[in-house]
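Note that ligands are numbered from 1 as they come in the structure, with each ligand's atoms numbered from 1 the same way.
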Amino acid sequence: MKYISTRNAAHSVSGCEAILTGISPDGGLFVPESFPQVSSDDIERMTDMSYAERSAYIMGLYLDEFSQEELLSIAEKAYARFEDEDACPLTKIEEGLYLLELWHGPTFAFKDVALTVLPQLISHSREKKGEALTTLVLVATSGDTGKAALEGFKDVKGTEIMVFYPDEGVSDMQKLQMITTGGENTYVAGIRGNFDDAQTAVKQIFTDPDVAAKLREKGYVMSSANSINWGRLLPQIAYYFSAYADLLGSGEIDKGDEVNFCVPTGNFGNILAGYYASRMGLPVRKLVCASNINNVLTDFFTTGEYDISRVFHKTISPSMDILISSNLERLIFEITGRDDAKLRELMAALKADGKYAVDPLLIKKEFSIFEAGYADEEETMETIYNTFDEYGYLVDPHTSVAVSVYNKYYATSGDFTPCVVLSTASPYKFAADVYEAVGESRVDDPFKAVKRLHLLTGMEVPEGIANLEAAEIRFRDVLQREEIKEKVLEKVTEK
Ligand SMILES: *Cc1c(COP(=O)(O)O)cnc(C)c1O
């Protein structure tokens, strides 16, 4: 399988190369040349597999430079770090409504599903390619990617990792998780600005030939752990198949039945993996794109216009506080019939004018698999309360956005297809807001909120959260976004 750039379809690379470079030098994202097909018999066979086996099977369809044993050993090692034997369990909360829990990994958010795998894919790719330079992984994070990437790359030979997060745009717990990270090869800094500022700055560094040359001189080559990297998206495709296999295996659905997925969305990486799964043959009826009040994607799916000139809101679902959703570029590539010239034009317009448009009829007709909606802050709080009240099930604010959007879709569409809502974080990562939502007064201290939430709900507190209270803070830098480039160059010179 070869991978082509969304901005230059003539530029094709192998899977290892796509994973090692992260982003194409032309600024485009790598996409597979075609989508391998999975039949309903293949899916039925997945019902008997462990999560690691399902993951290795799906990854094997795309990574022909890796042997099946190699991928299985990677997946087994990754998912042994999850709390449960079943890494991504499916919980039924009501007839036809299921939550796919993707937060049982080391940092309690869905990013772990891919970021326990990616560092291994990079290490193996380095070996296969005989890469002698150190891989410098640069990460922009809206909160959860940062810690998951740090845990994934911490002390991994041949790699160093630098993470940039919006200093005032993440939850207390998310920030503490990052700035207390150990490891000899890690660096973390806050930046003044929002996630879009961090992501734009980091993407510019990736495609800056001056930086690349200076790094090379010092023995480094850059890669990305953001979902622009194919090695981040690929492991995410597997859990869509896994959820379906679980529904089939438990008799909730019959072979070939369609299922809906509702996905809390920010950078469009999670839901894009679901779209790719559908292109591979997974019977998906609707993919519901759920946003918070930063609802640029809701507007896009309704009008065809993507316009980021709007107020940026800080919300209680910070990992979705994003206006420039990088991975939408990969969907636009499909919407335009894989027209790389058109993509160059649209992405240049986005950079220059902050907007672009595609034919809304085309989205409605050819891409009718997508539905979109958003939940405001009040609805998000209320849905946390209602979900706990009705089902005794505690959701985090991101998952709550998706449950709320799904409820609205269900009430207005008359579509009774079984629906899997992707549950993306442990409620304890956002304990202060969740505690307030379930009807109690506000407690700002995150650890007090954790304790009270535990007393109230009896839900087990992950050790990695409880331990943070006593953890030593290792990183205190807060940078202007213009300083990120300097910091990167400074770090590699220090060594
Ligand atoms: C990252 C994240 C999201 C959004 O996922 P994207 O792939 O960026 O669309 C949603 N919820 C949580 C908890 C996250 O960490």
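- Between Y239 and N270, the side chains place a donor N or O and an acceptor N or O closer than 3.5 Å (distance only, hydrogens not considered).
- Side-chain contact check for S319 and K111: no donor-acceptor pair (N or O, by modelled atom type) lies under 3.5 Å.
- Around ligand 1, the residues contributing at least one heavy atom under 4.0 Å from the ligand are F110, K111, D144, P264, T265, G266, N267, F268, G269, N270, S319, M320, H398, T424, A425.
- In summary, the side chains of S242 and R54 do present a donor paired with an acceptor at a separation below 3.5 Å, with no hydrogens or angles considered.
- A heavy-atom distance below 4.5 Å is found between the side chains of T145 and L115.
- Ring centers of H398 and F430: under 6.0 Å apart, within the cut-off.
- Listed by chain and number, the residues in a ring pair (Phe, Tyr, Trp, His ring centres under 6.0 Å) with F300 amount to none (sequence neighbours excluded).
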